[in-house]
2 protein chains.
Amino acid sequence: MTQVKNTFQFEDMLKKHHLKKTAPRLRVLSMMYSKTTATSQPDLENVMHDIDRVTLYRILNIFEEKGIIHKVFDLNGTANYAVCSSGCQENHHHDEHLHFNCTRCKNVYCINDLYLPGLTLPEGFKAESFTLYANGICPKCEKKPHH
Amino acid sequence: MTQVKNTFQFEDMLKKHHLKKTAPRLRVLSMMYSKTTATSQPDLENVMHDIDRVTLYRILNIFEEKGIIHKVFDLNGTANYAVCSSGCQENHHHDEHLHFNCTRCKNVYCINDLYLPGLTLPEGFKAESFTLYANGICPKCEKKPHH
DNA sequence: TGCTAAATGAAATATTGTTGCATTTGTGAT
DNA sequence: ATCACAAATGCAACAATATTTCATTTAGCA
C-alpha cells in the first residue's frame, strides 16, 4: 500500500521533474509517502510549523502539476493531496481510482487496486478522466468504539 | 433534463419541508430549476445582488439538509449545488449519479440517467454512498471553437 | 567560486465559510 | 383581521483558505 522510499529516491524524483532539491520539498515528500491517507494543507502546516504556509501551498501546486501528487476533496470540500501511483504523468493524472472519504475520521484513502468499470456517457460528453468517491466508515473507525 | 416548475410548485416544495415561503428562497429555487448545470454560491451572488451572502449560504444549507438540493464540488473544490432528482429524502441523498465537470467552461452537470455499476471495496471499508465525477468537455464547449 | 534562475518567506489582499445578534417577516392561532 | 412568536433575514465580524507581489535566499551549473 504505502510505497516506502528513502531520501535518495525523493531527490531523484525532484531531479526527474527539474525541481530543485530543497529541504521543504523533501520533507513534504517524505511525509506524504509515509501516510496511507491523503494529506491536507492544514495537516502539513501542523507538522511543519517552520515552513511558510505559502511555500507549502506552492509545493503542493507544483507537485500536482508535475504529476507527483494528485488532489482530492474531502467531504468538506477542502483539498487533500496524495501521492500518485506510477501511471501519472505531467498534467495528466491517472487517478481513475476510488477515493474513500471516511465520514467519521474525515480521512481520505486512495484505493488503487480497484477495477473501475467502463461507463457510457450521454451523447456529446467527452470524458477525459473519472474520479470516484465513496463515503462511509473506514476500517480503523469501524474498530474504534463510537466516542 | 430540466424540470420545469412554476412559482406555485416552489411554494408547495417549501411548505412540504416546513420552510417559510420567502422571496429569497423562491428566487433561489427558480434559478436553480432553470439551469441544467449546478450553481455555485458566487453564481447566485452575481445574479441576486440584493440578497445577502449569508442568506444565500443559509438557504443553500437548509435546502441541502431538506434534500431539495445536493452539493457537488467542481474542479477547484468550490461547492456547487444542484436540484435533487425525485429520489432524495431529508438528510439522505440519492446522489449516486454522475457529475460531469467540464474542464473548459467549469460547469458541473448532473447526469441522472446513468447506471452506476456495483463496486466491491477492500475488506473493512463500509461505503454508505458513492459520488462519481467525470472530467472532460461538455457538448456546448465541444461545439464552440477554442477561444 | 560566482552567476543566475528558482525557491522561499513575509506581507498583503481576495474569497469563502461561519457565527452572533438585532431586526424583520411569515404563519398559525385567536 | 390582527396578534404573537418562531423563523428568516441582513449586517457586522471573524476564521480559514487561496492567491499575488516582492525582496531575499539558495541550489545548481558554468
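Proteins come first, then strands; the chains are lettered A, B, ... in the order of their sequence lines, and each starts at number 1.
- Note: CG (B/Asp52) to P (C/dT19) measures 15 Å, nearest angstrom.
- Summarising the geometry, the separation between CD on B/Glu45 and P on C/dA14 is reported as 15 Å, rounded to the nearest angstrom.
- The aromatic rings of A/His99 and A/His70 sit tilted relative to each other, their planes meeting at an angle between 30° and 60°.
- Checking C/dT16, D/dA27, C/dT18 against the side-chain heavy atoms of B/Pro42 singles out C/dT16 as nearest.
- In the set D/dT19, C/dT27, D/dG28, the nucleotide with an atom closest to the side chain of A/Lys21 is D/dG28.
- What separates CG of B/Asn61 from P of C/dT18 is a distance of 7 Å, to the nearest Å.
- A salt bridge links B/Asp50 with B/Arg27; the closest basic N to acidic carboxylate O contact falls under 4.0 Å.
- Taking atom CZ on B/Arg58 and atom P on C/dT19, their separation rounds to 10 Å, with Å as the unit.
- Note on B/Arg53: every side-chain N or O is 4.0 Å or more away from OP1 and OP2 of C/dT16.
- The aromatic rings of A/Phe10 and A/Tyr33 sit tilted relative to each other, their planes meeting at an angle between 30° and 60°.
- Heavy atoms of B/Lys20 sit under 4.0 angstrom from at least one base atom.
- Rounded to the nearest 0.5 Å, atoms NZ (B/Lys35) and CG (B/Asp43) are 4.5 Å apart.
- Contact annotation: A/Tyr57 side-chain N/O to D/dT17 OP1/OP2 distance is not under 4.0 Å.
- For B/Thr78, no side-chain nitrogen or oxygen approaches OP1 or OP2 of C/dT15 to under 4.0 Å.
- If you find the closest nucleotide of DNA chain C to A/Leu19 and to B/Ala79, the one lying nearer the 5' end belongs to A/Leu19.
- Taking the six-membered ring for Trp and the full ring otherwise, the centers of A/Tyr109 and B/Phe125 sit less than 6.0 Å from each other.
- Nearest-nucleotide positions on DNA chain C place A/Val54 closer to the 5' end than the other of A/Val54 and B/Lys15.
- Here the C1' atom of nucleotide D/dT9 and the CZ atom of B/Phe63 are 14 Å apart, to the nearest Å.
- For the pair A/His17 NE2 and C/dA7 P, the computed distance is 13 Å after rounding to whole Å.
- For A/His18 and C/dA5, the NE2 to C1' distance is 15 Å, given to the nearest whole Å.
- For the pair A/Thr55 and C/dA7, the criterion of a side-chain N or O lying under 4.0 Å from OP1 or OP2 is not met.
- Note on A/Gln41: every side-chain N or O is 4.0 Å or more away from OP1 and OP2 of D/dT17.
- Summarising the geometry, the separation between CG on A/Leu56 and P on D/dT17 is reported as 12 Å, rounded to the nearest angstrom.
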